[in-house]
There are 2 protein chains.
Amino acid sequence: MPETSTRDTILEIASRLFASNGYAAVSMRDVAARVGVTQANLYYHFKDKDHLIRDSLALIIAHKMEPMEECLKAAHSNKEKIEFFISWFVRLVFEDRVFSKMILRELLDGDEDRLQYLSMEVFKRPFALLVDVMREYTGRVDPTLSAVSVAAIILGHFQLSRILPYLPDDRADHTAPDVVARHVLAMLQGPLHDPAGSMET
Amino acid sequence: MPETSTRDTILEIASRLFASNGYAAVSMRDVAARVGVTQANLYYHFKDKDHLIRDSLALIIAHKMEPMEECLKAAHSNKEKIEFFISWFVRLVFEDRVFSKMILRELLDGDEDRLQYLSMEVFKRPFALLVDVMREYTGRVDPTLSAVSVAAIILGHFQLSRILPYLPDDRADHTAPDVVARHVLAMLQGPLHDPAGSMET
DNA sequence: GTAAGCTTAACGGTCGTTCAGTAAGAGCGC
DNA sequence: GCGCTCTTACTGAACGACCGTTAAGCTTAC
């Protein structure tokens, strides 16, 4: 009766390695060395490398998506739901870089089958919840498009945060989770456009 | 006097291969075979694989960023500058997937040196232009943060477009460039929030 | 004894890279 | 004109390193 089984240890370490370096850049030897076992041991627990990748993905995503439902349930109004969601998602993306890089890499290079599987098995429900929230929040605007926008802007901020330090006018807090969260919320709640700047209502 | 030099042919084909498959997944043998030369020939024109990657990146990015300046110059008002930029950038990202995947992959996995190089040599000026536009467009809001948001939301929409077909409530036009462009512009110009939905000003 | 959990040691293959060699042409003394 | 050298562009064949994977054997617990 193992404290934490070797299999779970492999999964945890493998998912961290895959997420931060990419699937191709991490060899079975790398994983084995990190875990402290031999390469052959990995093949005792997993059929091949692809199955190790799939199981790593499924484990980490399912685990990370759980808090979203509770997060939305805790909110009383729709306004609060949006606030809670944005705050939660920004924090998730910015603070768990392992997770967000894994997602982004999958969106970028994941083969069609794996993407379809993940969409329908893991992302479908959280996305539907977000669309529901946006449906009641936005007026005439397409709720699906709005939901995509919210996810997109947060993921995009995270990605661009890597080059922000090398661009002019950057302040350290441009990549701080709460600053980004407040900014995204402000974009949804009001126009960035300042009517005083030009001549309009 | 070559019609198109072998070196340019290599660069063009290599950048296309790297962009659509990733650096790791494309071998020098792959590039050579596609071009129709031997692997050794690649080492006549480029020091090693990393230099081939760098030159491919520099070529394609510099080329793709050129139209931005003209695009902004053509606009008369600041409002028009934003409209033109969004329209141009959305079209660039959505229609030249080779380019956008290359950028996104670099943001995700590019090593620090290459990212710093690209930021300071290629992205610095276009980003500064965008910040300037946003500075005059937004009121109290941080212009750098706003510029990042605009780029982020467009890049994010593109990335998410891969799983949108597998998610519920999807319509085909959710990934159409002009639809996305109009939606992004609408987000900047007005609140998505419909005051009639809740009780606020 | 036997099964689970793991190791040792190797396999065939692909990778980036190198190096000796070659064909084509430019420049040049004669 | 011819022969000669040197450069440019390129090829064929190989190098060692690393990859995913597997067969066979060794422990330990029941």
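Computed from a predicted model, the values in this text were never measured in an experiment.
Within the 3.5 Å criterion, the main-chain N or O of B/Ser27 finds a donor-acceptor partner in the side chain of B/Asp30. Between the side chain of A/Asp173 and the backbone N or O of A/Ala176 there is no donor-acceptor pair closer than 3.5 Å.
Taken residue by residue, residues 12-28 of chain B places heavy atoms nearer than 4.0 Å to DNA chain C at B/Val26, B/Ser27, B/Met28.
Distance, A/Asp50 CG to D/dC19 C1': 16 Å, rounded to whole Å. Straight-line distance from the CZ atom of A/Arg29 to the P atom of D/dG20: 7 Å, rounded to whole Å. Distance CZ (A/Phe46) to P (D/dT22): 15 Å, rounded to an integer number of Å. One interatomic measurement links the two molecules: CG of A/Asn41 to C1' of D/dA23, which rounds to 16 Å at whole-angstrom precision. Across the protein-nucleic acid pair, B/Leu52 atom CG and C/dC15 atom P stand 15 Å apart, rounded to whole Å.
Residue B/Thr6 places none of its side-chain N or O atoms closer than 4.0 Å to OP1 or OP2 of D/dA9. Contact between the side-chain N/O atoms of A/His45 and the OP1/OP2 oxygens of C/dC6 is found at a separation under 4.0 Å. For C/dT18, the OP1/OP2 oxygens have no side-chain nitrogen or oxygen of B/Tyr43 closer than 4.0 Å.
Overall bending of the helix from C/dG1-D/dC30 to C/dC30-D/dG1, expressed as the angle between end axes built from five pairs apiece, is 20° (10° steps).
Side-chain contact of A/Tyr166 with B/Glu112: a donor-acceptor pair under 3.5 Å is present, judged by distance alone. Side-chain N/O atoms of A/Thr38 and A/Asn41 include no donor and acceptor closer than 3.5 Å. The closest side-chain donor-acceptor pair between A/Ser149 and B/His183 falls under 3.5 angstrom.
Between B/Arg125 and B/Glu69 there is a salt bridge, since a side-chain N of the basic residue sits under 4.0 Å from a carboxylate O of the acidic one.
Ranking C/dT7, D/dT21, C/dA4 by closeness to the A/Tyr44 side chain, first place goes to C/dA4. Of the candidate nucleotides C/dT7, D/dT11, D/dA14, C/dT7 has the atom lying nearest to any side-chain atom of A/Ala40. Of the listed nucleotides (C/dT17, C/dC6, C/dA10), C/dT17 has the atom at the smallest distance from the side chain of B/Asp48. Comparing D/dC19, D/dC10, C/dT17 against the side chain of A/Asp30 picks out D/dC19 as the nearest.
Checking each of B/Glu106, B/Lys49, B/Arg105 against B/Tyr23 for a side chain to side chain donor-acceptor pair (under 3.5 Å) leaves exactly one that passes, namely B/Glu106.
By the 6.0 Å contact criterion, CZ on B/Arg34 is open, its count of non-hydrogen atoms from other residues, nucleotides or ligands being 12 or less.
Ring orientation note: the planes of A/Trp88 and A/Phe85 are tilted relative to one another, at an angle of 30° to 60°.
Nearest-nucleotide assignment on DNA chain C puts the 5′-proximal partner with A/Leu42, out of A/Gln39 and A/Leu42.
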